[in-house]
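Heads up: numbering here begins at 1 and tracks the sequence. Computation of the quantities below employed the complete heavy-atom set of this structure, encompassing side-chain atoms and omitting hydrogens, waters and symmetry-equivalent molecules.
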Amino acid sequence: MGNALRRIPAASAFARRLAAGMTIAVTLLGLAGHGLAGEGPARWTIGKPIVTYWAGPRLTDAVAEQLAEGGWNVVWASEEDLDVAARHGLRAQLQHALLRPESLDDPQRRTQLDALVDRVKNHPALYSYFLRDEPSAKDFPGLGRLVAYLRERDPAHLAYINLFPTYANNAQLGTEGDVVTAYREHLRLYMEIVKPDLVSYDHYQFRANGDGDQYFLNLAMIRETALRAGVPFLNIVQACSWTPSMRVPNGDELRYLVYTSLAYGAEGISYYVYCWPNHVGGMAEPDGTPTPLYHAARVLNRHFEAIAAELQPLQSSAVYHAGKVPWGGVALPDDSPVQVKPAGANQGAAKDGEGWLLGLFGPAGSEPTDVVVVNLDYRAARTAEVRGSGAWEKFDPDARTWTEAGRDAVRLDFPPGGGILLRRK
């Protein structure tokens, strides 16, 4: 999970973008990936959007209850923990020593792997198999073989791999060149060789002194890769400090991470970490006591799941930055069908020039119908006027309902780092 930060358990899973107008029958109680009666084995699909974590305690009933209450819906589990996940209505990502490429080259281990898959593939809680965190490109051929093997034996469940961020070096990525060149080649090789059903990566930018400059570059490159392949993506974001050079995000910064991920089209969010030794922050103390970030995430998790579910039948068509344009971002063009500008008493430049983010969505091949608008200033609440011809509705992620918002120009109030989903009626 980012250089030498995390050589520890991993996180998450989820699925393909649906064509416009389709509904998901496989969401049943949130346990995706099982075919309907009379059908053959189903290919893994996302079901509900993913909310998960990286690095947490052993899955007991107490831990599972806390996770479910906090809005997490995919948990890390051993084979023995699957029943715990099922009791709490949680989907499980399986960790096991046999889930390694080398198992295919040893007849005894391959037999054991086959037996493992046969034991767990019909368990109601199983969602995915964890294979690897942050592989080099030289590892892709072996991982590609394992992904294909598991897909053949159990097509209903994801083979999950997490990728390096853009700030990994050439030796880690296994590719050469500057930041963009090396990372683009890393992604190209990954998609071509491994052929994943999901793209997952991690990126941590909250430093003790300021923020890193590649967060939106990474989001943009992952979004582009996932769209081209027709698969969903998951963003693992920072929720702790593990070294004096990195700071613990606060609730407003966490909101910023959740809503910027949504605007770029993420269908999964994961937090590093939930709880882990020698890490400050996270979602829980070693004794299980929830931290302030847990209480912030408890709201944000439900918002993420609700908004991402609304966007699932649509396709991300464009992402624009109004105001300050970060590395990897695209400036809001004058001919965009949706415009945004500051309004009210806090009109003008935000601190350090942070502006607004517009993520546009619509049926594949059609004009955008929905937009996620994000206040990129995570230090202050702001007001904006969103303009676009026609009548608009605003989504309430708590009630999961739509209400009329106005015509042509809609004035909206945003908390620090917050976002709002709008759609044309």
Side-chain angles (χ1 to χ4, degrees), residues 1-2 6 8-14 30 48-57 59 62-76 85 88-91 93 162 200 202-206 215 219 234-242 246-264 266-276 279-309 372 374-375 378-379 396-400 414-421:
M1 296 225 22
R6 307 133 301 210
I8 44 187
S12 65
F14 62 4
K48 66 175 65 173
I50 297 304
V51 181
T52 189
Y53 58 92
W54 194 288
L59 191 68
V63 170
E65 182 178 1
Q66 185 180 77
L67 286 161
E69 288 181 351
W72 281 268
N73 59 38
V74 171
V75 299
W76 290 79
H88 296 271
L90 298 168
R91 298 175 289 185
Q93 175 153 264
N162 180 59
S200 171
D202 53 70
H203 192 107
Y204 313 128
Q205 84 277 26
F206 291 134
Y215 175 72
L219 261 176
L234 177 148
N235 189 9
I236 304 178
V237 299
Q238 183 178 342
C240 71
S241 171
W242 56 95
M246 306 298 282
R247 71 180 188 268
V248 179
N250 59 35
D252 293 334
E253 291 165 329
L254 207 67
R255 185 186 300 114
Y256 165 95
L257 295 172
V258 166
Y259 276 95
T260 51
S261 297
L262 282 167
Y264 270 80
E267 293 184 52
I269 194 80
S270 177
Y271 303 99
Y272 178 76
V273 298
Y274 191 86
C275 177
W276 200 253
H279 287 60
V280 180
M283 301 296 166
E285 302 291 349
D287 65 359
T289 303
T291 66
L293 279 184
Y294 173 93
H295 295 293
R298 184 175 182 174
V299 175
L300 293 171
N301 290 344
R302 290 173 169 82
H303 287 188
F304 180 91
E305 183 185 316
I307 292 173
V372 178
V374 184
N375 169 19
Y378 55 69
R379 302 174 182 88
D396 180 342
D398 293 309
R400 299 195 178 210
F414 295 78
I420 294 172
L421 172 61

So [Y] and [X], do their side chains get closer than 4.5 Å, heavy atoms only?
X      : Y      : value
Tyr264 : Asn235 : no
Asn301 : Trp72  : yes
Leu300 : Leu257 : no
Leu234 : Ser270 : yes
Arg379 : Pro416 : no
Asp398 : His303 : yes
Met246 : Tyr204 : yes
Tyr271 : Leu254 : yes

List the atom of [X], the atom of [Y], and the distance in Å for their closest heavy-atom pair.
X      : Y      : result
Ser200 : Asn162 : OG-OD1, 2.8 Å
Cys240 : Pro249 : N-CD, 3.7 Å
Tyr294 : Gly70  : OH-N, 3.2 Å
Pro397 : Tyr259 : CG-OH, 4.4 Å
Leu293 : Ala239 : CD1-O, 3.3 Å
Ala64  : His88  : CB-CD2, 3.5 Å

ask   = Yes or no on side-chain contact (heavy atoms from CB on, under 4.5 Å) for Val374 and Leu262, after CA distance, side-chain angles and deciding distance?
value = CA-CA 9 Å; Val374 184; Leu262 282 167; over 6 Å; no
Spacing of [X] atom [atom1] and [Y] atom [atom2] [to the nearest 0.5 Å]:
X      : Y      : atom1 : atom2 : result
Ser261 : Phe304 : OG    : CZ    : 6.5 Å
Thr260 : Asn375 : OG1   : CG    : 11.5 Å
Asp287 : Thr289 : CG    : OG1   : 3.5 Å
Lys48  : Arg91  : NZ    : CZ    : 6.0 Å

Any donor-acceptor pair under 3.5 Å from [X] side chain to [Y] backbone:
X      : Y      : answer
Arg255 : Pro415 : no
Ser241 : Val280 : no
Glu69  : Arg298 : no
Gln66  : Gly288 : yes
Tyr272 : Ile236 : no
Gln205 : Tyr215 : no
Thr52  : Val74  : yes
Asn73  : Val51  : yes

task = Show your working on ring-ring contact (aromatic ring centres under 6.0 Å, His included) between Tyr378 and Phe206 and close with a plain yes or no.
result = CA-CA 12 Å; Tyr378 55 69; Phe206 291 134; 5.8 Å; yes
